[in-house]
Amino acid sequence: MRFSRIFGHTLKEAPSDVQAVSHQYLVRAGYIHQVAAGLFSYLPLARRVLNKIERILHDEMAMIGAQEITMPVVLPADIWQESGRWYQIGSELTKLKDRKDHDMVLAMTHEEALCDLARKYVRSYKELPQLVYHIQTKWRDDPRPRAGLIRVREFKMKDSYSLDTSWEGLDKQYRAHYQSYFNIFNRCGLDVLAVKSDTGMMGGKIAHEFMYLTPIGEDTIIFCDSCGYNSNRQVAEFKKPEIVEEELKPVEKIETPDCKTIDELADFLKIPASKTAKAVFMVATIQENNETETEKFILAIVRGDMTLNETKLQNAVGAKDLRPAHVDEITAVGAVPGFGSPVGVKGAYVVVDDLAAEAPNLVGGANEEGFHLLNLNCGRDFKADLVTDIVAAEAGFRCPVCGKTLDAEKAVEVGNIFKLGTRYSESMNVNYQDEKGKLQPVIMGSYGIGVGRLLSCVVEQHHDNYGIIWPITIAPFQVHMVLLQDKKSPDAENAAEKIYEELQAAGVEVLLDDRKESPGTKFNDADLIGVPIRLTVGKRSLDKGGVEFKVRGSNDSAIIPLDETVVKIKEQIALLEAEIAESIKVVEYKE
RNA sequence: CGGAAUGUUGCCUAGUGGCUAAGGCGCCUGCUUUGGGAGCAGGAAAUCGGAGGUUCGAGUCCUCUCAUUCCGACCA
């Protein structure tokens with residue numbers, strides 16, 4: 001490809017509203033163009049990178065026996081009604097009508113479409129197991145797209161779906177993906193971590209997320225350096241502090257003016273926050289069935305030194321949605337914000353964290369402005385409808401496995417794998433006949449990778465102050481030739497053209513900067529675009545005996561003779577590819 | 001959906017009620033130059049996000065609205 005012919009161009013300065021490093025370089029180097037919030041056009045350079053990533057995806061999918069299919073982006077509403085997600089998902093799911101007034105949806109993922117396909121084509125256990133996938137557009141009307149390609153509304157996802165007759169079969173496919181995903185990310189040059197995660201809107205039993213650690217990430221990973229435990233903070237567990245046994249003391253009402261927060265209360269009473277009980281008022285939306293949903297007022301109690309984990313609470317009460325309660329809803333059950341506790345409250349579903357339930361003699365609200373109660377004890381002074389773990393793990397807490405200190409870091413989710421089980425096959429009647437002729441629900445898994453997000457994370461990981469440094473495996477070109485023209489002599493141009501032809505004939509992907517630009521402009525653009533190998537052809541290099549060879553990101557350069565260029569380039573490509581290949585390892589599966 | 005910020009040419013900015021909206025980058029033409037974002041000369045490109053208002057006069061002040069970004073809620 002000749003640089004002068006490329007659609008798009010580089011920018012010296014990034015638009016002022018572009019923040020994330022990957023976003024800046026991708027825009028400045030002419031890879032992507034933002035059309036609207038969370039909507040991007042991909043220019044030829046980006047398209048080439050995407051093609052390479054997709055090739056790796058196809059390759060790795062083939063290796064675990066997946067077959068490529070294609071399902072549509074626009075889907076009829078009835079299958080989403082069948083699965084229930086038509087009702088469960090809010091405005092993130094875009095609904096529309098076709099000309100015949102039929103309800104349609106824009107697919108945000110393809111479980112329903114696949115189930116509809118599977119129930120028509122899978123009849124017997126003899127046809128199972130199966131594994132199919134596609135790389136298809138997803139639309140999610142996200143309320144807050146951000147950071148360039150990190151979080152967008154329309155994106156391409158590689159999603160595969162496994163169909164099995166047994167949980168053992170699912171486990172096998174799940175583990176195959178687990179390894180396959182590491183292969184894929186490593187082949188793209190991205191370091192990832194697999195962590196246990198919440199199943200969220202996907203439903204199902206077990207899920208892992210593949211995380212790229214970066215401060216711009218929106219997820220928090222809790223992990224233990226000592227034993228290797230890790231988890232998304234949403235579901236991270238930890239060893240609760242020991243309870244100090246005490247004799248239960250009688251409840252006592254005391255005046256606590258202006259003590260609306262745990263800090264103020266603990267300060268005022270000169271006690272540690274761990275001796276208090278925090279009351280959090282939430283309203284949960286419970287899906288009764290496909291047609292009706294009800295709201296449930298939740299009073300959550302956690303020990304004062306802990307933070308409520310809303311995901312854990314949501315899962316504990318089986319809610320579709322959870323929001324903070326309004327003041328009038330709180331007063332309606334007889335509670336007082338800032339001075340709340342379950343004592344004297346009617347009509348609230350009380351969920352108590354197991355630690356708070358066991359901790360003796362806590363200070364809690366009196367449900368009266370300006371008053372708290374000393375020595376509250378769960379079970380004696382108030383009844384819990386549910387006692388379970390609902391607090392958030394934090395850095396500094398103890399590891400649930402080995403008891404050592406936990407750490408926390410930010411991360412971007414680039415892939416996920418779900419053991420769906422029969423979540424969709426039961427609601428959508430995806431059945432097969434077993435050996436006895438009996439109908440059984442298919443046991444499913446679903447596995448996703450966001451292609452654009454992967455691309456941008458690779459840029460986040462591989463760049464310097466000058467631009468992108470692509471891993472050879474997904475670089476838009478393998479070689480970037482900088483031609484420095486010389487008016488007095490056509491030698492440089494002739495040499496460059498010759499090498500350009502030779503490299504292309506040898507199957508090397510070359511970008512030839514044939515523009516009539518100054519050397520500085522060309523070098524800066526080369527650094528920005530980030531092609532891994534740079535060849536400079538000019539009077540100076542020819543005088544030294546050939547072309548200048550430089551690997552992006554390294555400070556060393558060398559002159560190589562013209563007639564050895566193709567061989568040397570081939571060697572270097574093989575070397576860079578081997579480095580990537582070495583990073584691919586068999587990983588231990590962690591539940 | 002809450003909080004904040006910003007909208008001036010393709011990009012970055014100046015312009016703080018008063019003459020024809022200014023500069024840099026980029027773009028076009030010509031000359032010159034070619035190893036780290038060259039030089040000179042000429043040129044094109046803006047209904048100042050949109051609507052309404054205040055005013056003799058609005059890019060500038062007010063109201064509404066739209067868009068984008070950031071924080072939060074949300075989300076894979």
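Only heavy atoms go into these numbers, but all of them, side chains included; no hydrogens, no water, no symmetry mates. Per chain, numbering begins at 1; letters A, B, ... match sequence-line order.
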Q: I need the CE-C1' distance between A:Met157 and B:C75, as an integer number of Å.
A: 12 Å
Q: In whole Å, measure the gap between the C1' atoms of B:G17 and B:A38 for me.
A: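 B:G17 and B:A38 have their C1' atoms separated by 43 Å.
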Q: Check whether NZ of the Lys or CZ of the Arg A:Lys419 lies under 6.0 Å from the centre of the six-membered ring of A:Tyr174 and within 45 degrees of that ring's axis.
A: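 Satisfied, under 6.0 Å and within 45°.
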Q: Any salt bridge linking A:Arg534 with A:Glu548? Criterion: basic side-chain nitrogen under 4.0 Å from a carboxylate oxygen.
A: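 Yes, this pair counts.
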Q: Select base, sugar-phosphate, or nothing to describe what A:Gln19 touches, counting heavy atoms under 4.0 Å on all strands.
A: sugar-phosphate
Q: Would you mind pulling out the nucleotide paired to B:U29, Watson-Crick or G-U wobble, both distances under 3.5 Å?
A: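 Paired with B:A41.
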Q: Please report, rounded to the nearest Å, how far the P atom of B:U33 is from the NZ atom of A:Lys522.
A: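 Spelled out: NZ on A:Lys522 to P on B:U33 is 17 Å.
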Q: Want to settle it: does A:Gly38 or A:Lys516 sit nearer the 5' end of RNA chain B, counting the closest nucleotide to each?
A: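 Closest to the 5' end, via its nearest nucleotide, is A:Lys516.
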Q: Considering Watson-Crick and G-U wobble pairs with both distances under 3.5 Å, what does B:C11 pair with?
A: B:G24
Q: Picking from B:U34, B:A73, B:G35, which would you name as closest to the side chain of A:Arg151?
A: B:A73
Q: A:Val152 near the nucleic acid: base, sugar-phosphate alone, or nothing, with a heavy-atom cut-off under 4.0 Å?
A: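 The residue A:Val152 makes base contact.
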Q: Given atom CG of A:Asp513 and atom C1' of B:G36, what is their separation to the nearest angstrom?
A: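 So the two atoms are 13 Å apart, to the nearest Å.
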Q: Name the nucleic acid region contacted by A:Asp219, choosing base, sugar-phosphate or nothing; use a 4.0 angstrom heavy-atom cut-off, strictly under.
A: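 No contact.
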Q: Measure from the side chain of A:Ala37, starting at C-beta and using heavy atoms only, and say which of B:G37, B:C74, B:U68 lies closest.
A: B:U68
Q: With a non-hydrogen cut-off below 4.0 angstrom, is A:Arg153 in contact with a base, only sugar-phosphate, or nothing?
A: nothing
Q: Any carboxylate oxygen within less than 4.0 angstrom of a Lys/Arg side-chain nitrogen, looking at A:Asp353 and A:Lys312?
A: no
Q: Just to verify, which of A:Glu92, A:Arg153, A:Glu154 counts as forming a side chain to side chain contact (heavy atoms under 4.5 Å, CB included) with A:Arg140?
A: A:Glu92
Q: Look at the side chain of A:Arg534 against the base of B:G35 and say whether a donor-acceptor pair falls under 3.5 Å; ignore hydrogens and angles.
A: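 A donor-acceptor contact between them is absent.
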Q: Could you work out the separation of B:A67 and B:C27 based on their P atoms and round it to a whole Å?
A: 33 Å
Q: Expressed in angstrom and rounded to an integer, what is the separation of A:Leu11 atom CG from B:G10 atom C1'?
A: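 Taking atom C1' of B:G10 as the reference, CG of A:Leu11 is at 8 Å.
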Q: Output the single nucleotide from B:C27, B:U34, B:U68 whose closest atom is nearest the side chain of A:Lys488.
A: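 Taking heavy atoms from C-beta onward, the closest nucleotide is B:U34.
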Q: Record whether the side chain of A:Glu517 comes under 3.5 Å of the base of B:G37 through a donor-acceptor pair of N or O atoms.
A: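 No, the side chain and the base share no sub-3.5 Å donor-acceptor pair.
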Q: I'd like the C1' distance from B:U60 over to B:U8, given in whole Å.
A: 11 Å
Q: Quick one: look up who B:C61 pairs with, Watson-Crick or G-U, both distances under 3.5 Å, and put none if it's unpaired.
A: B:G53
Q: In whole Å, what separates the P atom of B:C62 from that of B:U47?
A: 24 Å
Q: Of the nucleotides B:C70, B:G35, B:C74, which one has an atom closest to the side chain of A:Arg146?
A: B:C70
Q: When rounded to the nearest Å, what value does the distance between C1' atoms of B:C61 and B:U54 take?
A: 8 Å
Q: Let me know the distance between CD of A:Glu548 and C1' of B:G35, rounded to the nearest Å.
A: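 In whole Å, B:G35 C1' lies 8 Å from A:Glu548 CD.
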Q: What is the base-pairing partner of B:G17, counting Watson-Crick and G-U wobble geometry with both distances under 3.5 Å?
A: none
Q: Quick one: is A:Lys12 getting a side-chain N or O under 4.0 Å of the B:G26 phosphate, OP1 or OP2?
A: yes
Q: What interatomic distance, in whole Å, is found between P of B:A58 and the corresponding atom of B:A51?
A: 14 Å
Q: Whole Å only: how far is the NE2 atom of A:His9 from the C1' atom of B:G37?
A: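 Distance check: A:His9 NE2 to B:G37 C1' gives 15 Å.
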Q: I need the NZ-P distance between A:Lys487 and B:A38, as an integer number of Å.
A: 16 Å
Q: So what does A:Arg453 hit on the nucleic acid, given a heavy-atom distance under 4.0 Å: a base, only sugar-phosphate, or nothing?
A: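 It contacts base atoms.
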Q: Give one of base, sugar-phosphate or nothing for A:Gln34, where a contact means two heavy atoms less than 4.0 Å apart.
A: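 Contact class for A:Gln34: sugar-phosphate only.
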Q: Hey, which of these two, A:Ile150 or A:Gln485, hits RNA chain B nearer its 5' end, going by closest nucleotide?
A: A:Gln485
Q: Are A:Glu394 and A:Arg233 close enough for a salt bridge, meaning some N to O gap below 4.0 Å?
A: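 Salt bridge present between A:Glu394 and A:Arg233.
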Q: A:Tyr42 ring centre to A:Arg47 NZ or CZ under 6.0 Å, with the angle to the axis within 45°?
A: no
Q: What is the separation between atom CE on A:Met108 and atom P on B:C74, rounded to the nearest whole Å?
A: 15 Å
Q: Given B:A38, B:C12, B:G36, identify the nucleotide with an atom nearest to the side chain of A:Glu13.
A: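 The answer is B:C12, which lies nearest to the side chain.
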Q: If you take atom types as modelled and just measure distance, does the side chain of A:Arg515 reach the base of B:G26 with a donor-acceptor pair under 3.5 Å?
A: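 Looking at the base of B:G26, it does not pair with any donor or acceptor on the side chain of A:Arg515 (distance under 3.5 Å).
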Q: From A:Ile89 CD1 over to A:Ser83 OG, what is the distance, rounded to the nearest 0.5 angstrom?
A: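 OG of A:Ser83 is found 7.5 Å from CD1 of A:Ile89.
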Q: Considering only heavy atoms and no angle criterion, is a donor-acceptor pair shorter than 3.5 Å present between the side chain of A:Asp527 and the base of B:G36?
A: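 Indeed there is one.
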Q: Could you check whether A:Ala147 gets within reach of a base, just the sugar-phosphate, or nothing at all, counting any heavy atom under 4.0 Å?
A: sugar-phosphate
Q: Output the single nucleotide from B:C11, B:G72, B:C75 whose closest atom is nearest the side chain of A:Arg144.
A: B:G72
Q: Categorize A:Glu493 for me: base, sugar-phosphate, or nothing, with a 4.0 angstrom heavy-atom threshold over every strand shown.
A: nothing
Q: Given the P atoms of B:C75 and B:A5, what is the spacing between them in whole Å?
A: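 My reading of the P atoms in B:C75 and B:A5 gives 28 Å.
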Q: For B:G7 versus B:G50, give the span between their C1' atoms, rounded off to a whole number of Å.
A: 11 Å
Q: Please determine if A:Lys410 and A:Asp219 form a salt bridge, counting it only when a charged side-chain N lies under 4.0 Å from a carboxylate O.
A: no
Q: Inspect the contact between A:Glu209 and A:Lys196 and indicate whether a charged nitrogen and a carboxylate oxygen are less than 4.0 angstrom apart.
A: no
Q: At under 4.0 Å between heavy atoms, what does A:Asp486 touch on the DNA or RNA strands: base, sugar-phosphate, or nothing?
A: nothing
Q: Just name whichever nucleotide pairs with B:G2, Watson-Crick or G-U, keeping both distances under 3.5 Å, else none.
A: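 In the structure as shown, B:G2 has B:C71 as its Watson-Crick or wobble partner.
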Q: Please tell me which of the listed nucleotides, B:G36, B:G37, B:U13, lies nearest to the side chain of A:Ser16?
A: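 Closest of the options to the side chain of A:Ser16: B:U13.
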Q: Base, sugar-phosphate alone, or nothing: which one does A:Pro143 contact when heavy atoms must sit under 4.0 Å apart?
A: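 Base contact - A:Pro143 has a heavy atom under 4.0 Å of at least one base atom.
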Q: Any side-chain N or O of A:Ser518 under 4.0 Å from OP1/OP2 of B:A38?
A: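 Checking B:A38 against A:Ser518, a side-chain N or O does come within under 4.0 Å of OP1 or OP2.
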